[in-house]
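Model, not experiment: these values are computed from the prediction. Count residues from 1 along the sequence.
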Amino acid sequence: MSARFAELPKPPYYAVIFSSQRSDGDDAGYGEAAERMVELAAQQPGFLGVESTRGSDGFGITVSYWSDEAAIAAWKRQAEHAATRAYGREHWYRHFELRVAKVERAYGSKGKA
């Protein structure tokens, strides 16, 4: 199984879905900040995992998984995350959408090796 898939508990849990279109040309610190946010999120109570991808056209989706809505709210208030989020809105993203969903069912297949 690829490390790109988060290993999650049985539902219910919550998914925070961040879809974004990167701005042209402003890459200063983006990769490092993205890595730091995953590292920091992993230290937060209630964090379950993350999956992320970005295409060559700059469109990306990151889904972070959380045990409950209180954990999501605490992550939103976390100071370093809040500062990076504000900087990103100003410099790194042309457009973004954030959605929060409760996962009621989940299934999958590891497929053939």
Side-chain angles (χ1 to χ4, degrees):
M1 185 163 126
S2 170
R4 297 174 79 162
F5 289 92
E7 293 186 28
L8 300 166
K10 289 186 175 190
Y13 51 82
Y14 287 82
V16 176
I17 306 153
F18 178 68
S19 303
S20 63
Q21 180 65 53
R22 288 286 315 277
S23 299
D24 295 329
D26 190 353
D27 287 334
Y30 179 80
E32 295 84 2
E35 287 179 22
R36 173 64 182 148
M37 289 303 100
V38 170
E39 176 184 290
L40 188 60
Q43 298 171 15
Q44 305 306 303
F47 176 80
L48 301 175
V50 65
E51 297 167 340
S52 188
T53 189
R54 184 165 301 280
S56 60
D57 63 352
F59 180 78
I61 299 175
T62 297
V63 183
S64 60
Y65 299 97
W66 301 87
S67 60
D68 53 47
E69 291 187 88
I72 295 167
W75 171 237
K76 183 177 181 182
R77 291 188 307 268
Q78 200 284 339
E80 186 177 347
H81 174 234
T84 301
R85 193 173 64 240
Y87 185 88
R89 288 176 178 170
E90 180 71 24
H91 298 280
W92 292 326
Y93 301 114
R94 180 180 320 142
H95 180 188
F96 72 87
E97 299 288 338
L98 187 121
R99 298 164 178 105
V100 177
K102 184 174 184 182
V103 177
E104 299 282 350
R105 289 179 303 284
Y107 58 89
S109 172
K110 293 182 182 178
K112 296 180 182 181

Whether Phe18 and Phe96 hold their rings parallel, tilted or perpendicular, with breakpoints at 30° and 60° = tilted
Least distance between heavy atoms, [X] atom then [Y] atom:
X	Y	answer
Thr84	Trp92	CG2-CZ3, 4.2 Å
Pro45	Ala71	O-CB, 3.5 Å
Trp75	His81	O-ND1, 2.8 Å

In the structure I gave you, are the side-chain heavy atoms of [X] and [Y] within less than 4.5 Å of one another anywhere?
X	Y	answer
Ser19	Arg99	yes
Glu35	Tyr30	no
Pro11	Glu104	no
Gln78	Gln44	yes
Arg85	Lys76	yes

Quick one: do the Ser20 and Arg54 side chains pair a donor with an acceptor below 3.5 Å?
->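 Short answer, yes.
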Roughly how far, to the nearest 0.5 Å, is [atom2] of [Y] from [atom1] of [X]?
X	Y	atom1	atom2	answer
Arg89	Ser23	CZ	OG	13.5 Å
Glu51	Phe5	CD	CZ	6.5 Å
Ser64	Leu98	OG	CG	8.0 Å

Asp57 backbone acceptor or donor facing Gln21 side chain under 3.5 Å |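 Confirmed, Gln21 side chain pairs with Asp57 backbone.
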Is there a donor-acceptor contact under 3.5 Å from the side chain of Thr62 to the main chain of Ser52?
->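 No.
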Residues in side chain to side chain contact (heavy atoms under 4.5 Å, CB included) contact with Glu39, at least two apart in sequence or another chain = Arg36, Gln43
Kindly state whether the ring of Trp66 and the ring of Phe47 have centres lying under 6.0 angstrom apart.
->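 For Trp66 and Phe47, the ring centres are under 6.0 Å apart.
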Linked hydrophobic residues, Val103 as query - side chain contacts closer than 4.5 Å =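 Other cluster members: Leu8, Tyr13, Ile17, Leu48, Phe59, Ile61, Val63, Tyr65.
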